Colleague: 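Questions regarding the structure given below will be posed in turn.
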Amino acid sequence: MSTNGSIDHRGLYRLPWTLPDNAISWLEPTSACNLACDGCYRENIPSSHKDLAVVREEVDTFLRLRNCDGISIAGGDPLMHPEIVEIVRYIASRGIKPIVNTNGNRLTMELLRGLKKAGVYGFTFHVDSKQGRPQWKDKNEIDLNILRLEYAGMLAEVGGISCAFNSTVYEDTLPYVPDLVEWAARHIDIVNVMVFILYRAAVPNLPFDWYAGGRKIDMGPLVYSENKERKIDMKAPEVVAEIRKRFPDFTPCAFLNGTEKPDSFKWLLTGRLGSKGNIYGYVGPKFMEIMQTMYHLGTGKYLAYEKPQMTRKGRSMMLLSPFDRGMREIAKNYTASLLKHPRHLFRGLHYQSIMIIQPVDFLDNGYQNMCDGCPDMTLWNGELVWSCRMEELKHFGGWVRTVPKDGGAPA
């Protein structure tokens, strides 16, 4: 395998997620947060907690408009909502997986046990070095693995809850991505998912004028507008190339393309099997196609999150070896390991996902390349909208369009 980031999208499984039939929906019961993350796309409004009745209505609207397997409860930080336990309980009562997206600052063992009793299915912890965490100033991504392990340990102690981490990737933190991939391998028994979100912003030096409707507007009021000079167009293959410097066999298996570019990787998924610190290989596209198809046949939904009880069934997953070349390689490597070290038979064999998310791309013609079949659609006035750009609706009443400064129609 080459150490560059070249990927042929035609050799990957295109995730079948669409606007009405998707694995996830994105609920925001509050915009309040106790951190000020660099790169956040939501304005922090302390008094923004929605009434429980409004939240329930939004959940019902998701289920009316969108066939989804899970609902990400985000914000803001949802643990700041005084009725977060009841929110989780209501989502679970509707037969949907509640996934809490949080920075973790407010999580206690008491609250965690209450959320599990209410039916929480998983947590996604956002942890990176540009969040302004008071106790972690001047710490890098490797240092923050201590905090990540603390959160993963809390979930493992309670048991039966999916554990995911996400981290925004900037040009100066890109070199740490392989360290996080390696850390996740060492803790594959308690960490189920790692997500890397590539930094995006609207900056004045982009060669566009900005329009809302027919009005030329100033993007300054938006939280994702900034004046810093830094890279805002990192692509998923660049992250893959960085990972392959240390792990040359790193092989994605599935993707979501962009709305404007079919060969762009807006959500790029890699699945791997291993024991603690020992990765046996990467699943191929047929494995993912079989898993998504069989789950949809059985439940009528597409799959995004699974509990640890299922991700521990790595040996059972190898039954798909006849259909998937990646799984055949895993089976070969695993068998060789057992022949050399028979005691490895008593180690658990776990599945772990690594996702790279590439938000909006501004194309030269002014078109905005969004995620086709975006899983993170939220609600605005009862309609599905992109959660990463909802501030445009709040401030300008419509989507912002970009027009090349050398002329042309708004895109």
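Note that this is a predicted model, so its numbers are computed, not measured.
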Colleague: N103 and H126: side-chain donor and acceptor closer than 3.5 Å?
Modeller: no

Colleague: Under 3.5 Å, is there a donor-acceptor pair between the S264 and N369 side chains?
Modeller: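 Present: a donor and an acceptor within the cut-off.
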
Colleague: Using the side chain to side chain donor-acceptor pair (under 3.5 Å) rule, take T102 and D77 through it: C-alpha gap first, then chi angles, then the decisive distance, then the call.
Modeller: CA-CA 5 Å; T102 175; D77 194 288; 2.9 Å; yes

Colleague: Show, in sequence, the C-alpha distance, side-chain angles and deciding distance for R113 and E157, and conclude whether the salt bridge (Lys or Arg N to Asp or Glu O under 4.0 Å) test is met.
Modeller: CA-CA 10 Å; R113 291 190 177 98; E157 181 178 337; 3.5 Å; yes

Colleague: Taking T18 as the fixed residue, which of D21, L15, N22 is the one that meets the side chain to side chain contact (heavy atoms under 4.5 Å, CB included) rule?
Modeller: D21

Colleague: So if I apply the ring pair (Phe, Tyr, Trp, His ring centres under 6.0 Å) rule between F165 and each of Y151, F196, F125, which one comes out positive?
Modeller: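 Answer after filtering Y151, F196, F125: F125.
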
Colleague: For the residue pair Q352 / T311, report whether a side-chain donor-acceptor contact shorter than 3.5 Å exists.
Modeller: no

Colleague: Name all residues meeting the ring-ring contact (aromatic ring centres under 6.0 Å, His included) criterion together with Y282; count only those two or more places apart in sequence or in a different chain, and write none if there are none.
Modeller: F250

Colleague: For the side chain to side chain contact (heavy atoms under 4.5 Å, CB included) test, which of I87, L27, I71, L63 pairs with E58?
Modeller: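 It is L27; the other options fail the test.
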
Colleague: Quick test of your reading of the model: are D249 and R244 salt-bridged, counting only N-O distances below 4.0 Å?
Modeller: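 No, no charged N to carboxylate O under 4.0 Å.
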
Colleague: What I want to find out is whether D233 reaches R200 closely enough, with some N-O distance under 4.0 Å, to be called a salt bridge.
Modeller: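 Salt bridge between D233 and R200, a charged N being under 4.0 Å from a carboxylate O: no.
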
Colleague: For S316 and G314, indicate whether the former's side chain and the latter's backbone hold a donor-acceptor pair under 3.5 Å.
Modeller: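 The answer is no, because no donor-acceptor pair under 3.5 Å joins these two groups.
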
Colleague: State whether the side chain of D128 and the backbone N or O of T168 hold a donor-acceptor pair below 3.5 Å, judged by distance alone.
Modeller: yes

Colleague: Just checking, R401 and Y211: is the charged tip under 6.0 Å from the six-membered ring centre and within 45° of the axis?
Modeller: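 No; the conditions do not both hold, so R401 does not lie above the ring face of Y211.
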
Colleague: Between NZ of K117 and CG of L112, what distance do you get to the nearest 0.5 Å?
Modeller: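 Answer for the NZ-CG pair, K117 versus L112, is 14.0 Å.
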
Colleague: Quick one, L349 and M318 - any side-chain contact, counting heavy atoms below 4.5 Å?
Modeller: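 Side-chain contact under 4.5 Å: yes.
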
Colleague: Between S337 (side chain) and N333 (backbone), is there a donor-acceptor pair under 3.5 Å?
Modeller: no

Colleague: Which of parallel (below 30°), tilted (30 to 60°) and perpendicular (above 60°) describes H49 and H81?
Modeller: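 Tilted: the ring planes of H49 and H81 meet at 30° to 60°.
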
Colleague: Is there a donor-acceptor contact under 3.5 Å from the side chain of R14 to the main chain of W17?
Modeller: yes

Colleague: Only one of E141, K139, K137 forms a side chain to side chain donor-acceptor pair (under 3.5 Å) with S129, so which one is it?
Modeller: E141

Colleague: What is the ring orientation for W210 with F208, classed by angle as parallel under 30°, tilted 30 to 60°, or perpendicular over 60°?
Modeller: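 If you compare the ring of W210 with that of F208, the planes turn out perpendicular.
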
Colleague: In terms of side-chain geometry, is the basic nitrogen of R94 or D60 positioned less than 4.0 Å from the acidic oxygen of its partner?
Modeller: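 Looking at D60 together with R94, the answer is yes, because their closest N to O distance falls below 4.0 Å.
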
Colleague: I would like to know whether I161 and K116 meet side-chain contact (heavy atoms from CB on, under 4.5 Å); could you show each step before the answer?
Modeller: CA-CA 8 Å; I161 302 174; K116 181 179 181 182; 4.1 Å; yes

Colleague: Give the C-alpha distance, both sets of side-chain angles, the deciding distance and a yes or no for side chain to side chain donor-acceptor pair (under 3.5 Å) between D69 and Y295.
Modeller: CA-CA 10 Å; D69 188 45; Y295 191 81; 2.8 Å; yes

Colleague: When you measure from the side chain of S275 to the backbone N and O of G348, does any donor-acceptor pair fall under 3.5 Å?
Modeller: yes

Colleague: Looking only at side-chain N and O atoms, does Y176 offer a donor or acceptor that is under 3.5 Å from a partner on E242?
Modeller: no

Colleague: How far apart are the C-alpha atoms of Q368 and T402, what are their side-chain angles, what is the distance that settles it, and do they pass the side chain to side chain donor-acceptor pair (under 3.5 Å) test?
Modeller: CA-CA 8 Å; Q368 298 172 20; T402 42; 3.3 Å; yes

Colleague: With a 4.5 Å heavy-atom cut-off, do Y41 and R389 have their side chains touching?
Modeller: no

Colleague: Is the NZ or CZ atom of K130 positioned over Y170's six-membered ring, under 6.0 angstrom from the centre and within 45° of the axis?
Modeller: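 Yes; both conditions hold, so K130 lies above the ring face of Y170.
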
Colleague: Using modelled atom types and a 3.5 Å cut-off, is there a donor and acceptor pairing between side-chain atoms of S48 and backbone atoms of A32?
Modeller: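 Checked: pair present.
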
Colleague: Are the side chain of T173 and the backbone of V169 linked by a donor-acceptor contact shorter than 3.5 Å?
Modeller: no

Colleague: Among side-chain atoms of R66 and S25, is any donor-acceptor pair under 3.5 angstrom?
Modeller: yes

Colleague: Is there a donor-acceptor contact under 3.5 Å linking the side chains of Y224 and R42?
Modeller: no

Colleague: Just to verify, what does D263 make a side-chain hydrogen bond (donor to acceptor under 3.5 Å, both in side chains) with, not counting sequence neighbours?
Modeller: none

Colleague: Applying side-chain hydrogen bond (donor to acceptor under 3.5 Å, both in side chains), name anything that partners E226, two or more places apart in sequence or on another chain.
Modeller: Y199, R230

Colleague: Is any side-chain N of the basic residue among R89 and E86 closer than 4.0 Å to the acidic one's carboxylate O?
Modeller: yes

Colleague: Counting distance only, does the side-chain N/O of E43 pair as donor-acceptor with the main-chain N or O of E391 below 3.5 Å?
Modeller: no

Colleague: Less than 4.5 Å apart, any side-chain heavy atom of L147 and any of R133?
Modeller: yes

Colleague: Would you find a donor on one side and an acceptor on the other, under 3.5 Å apart, between the side chain of E392 and the backbone of G397?
Modeller: no

Colleague: Quick one, N278 with R347, criterion side chain to side chain donor-acceptor pair (under 3.5 Å). Give me CA distance, side-chain angles, the key distance, then yes/no.
Modeller: CA-CA 11 Å; N278 191 1; R347 293 181 177 180; over 6 Å; no

Colleague: Donor-acceptor pair, distance only, cut-off 3.5 Å: does the side chain of T30 make one with the backbone of G76?
Modeller: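 Not a single qualifying donor-acceptor pair exists.
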
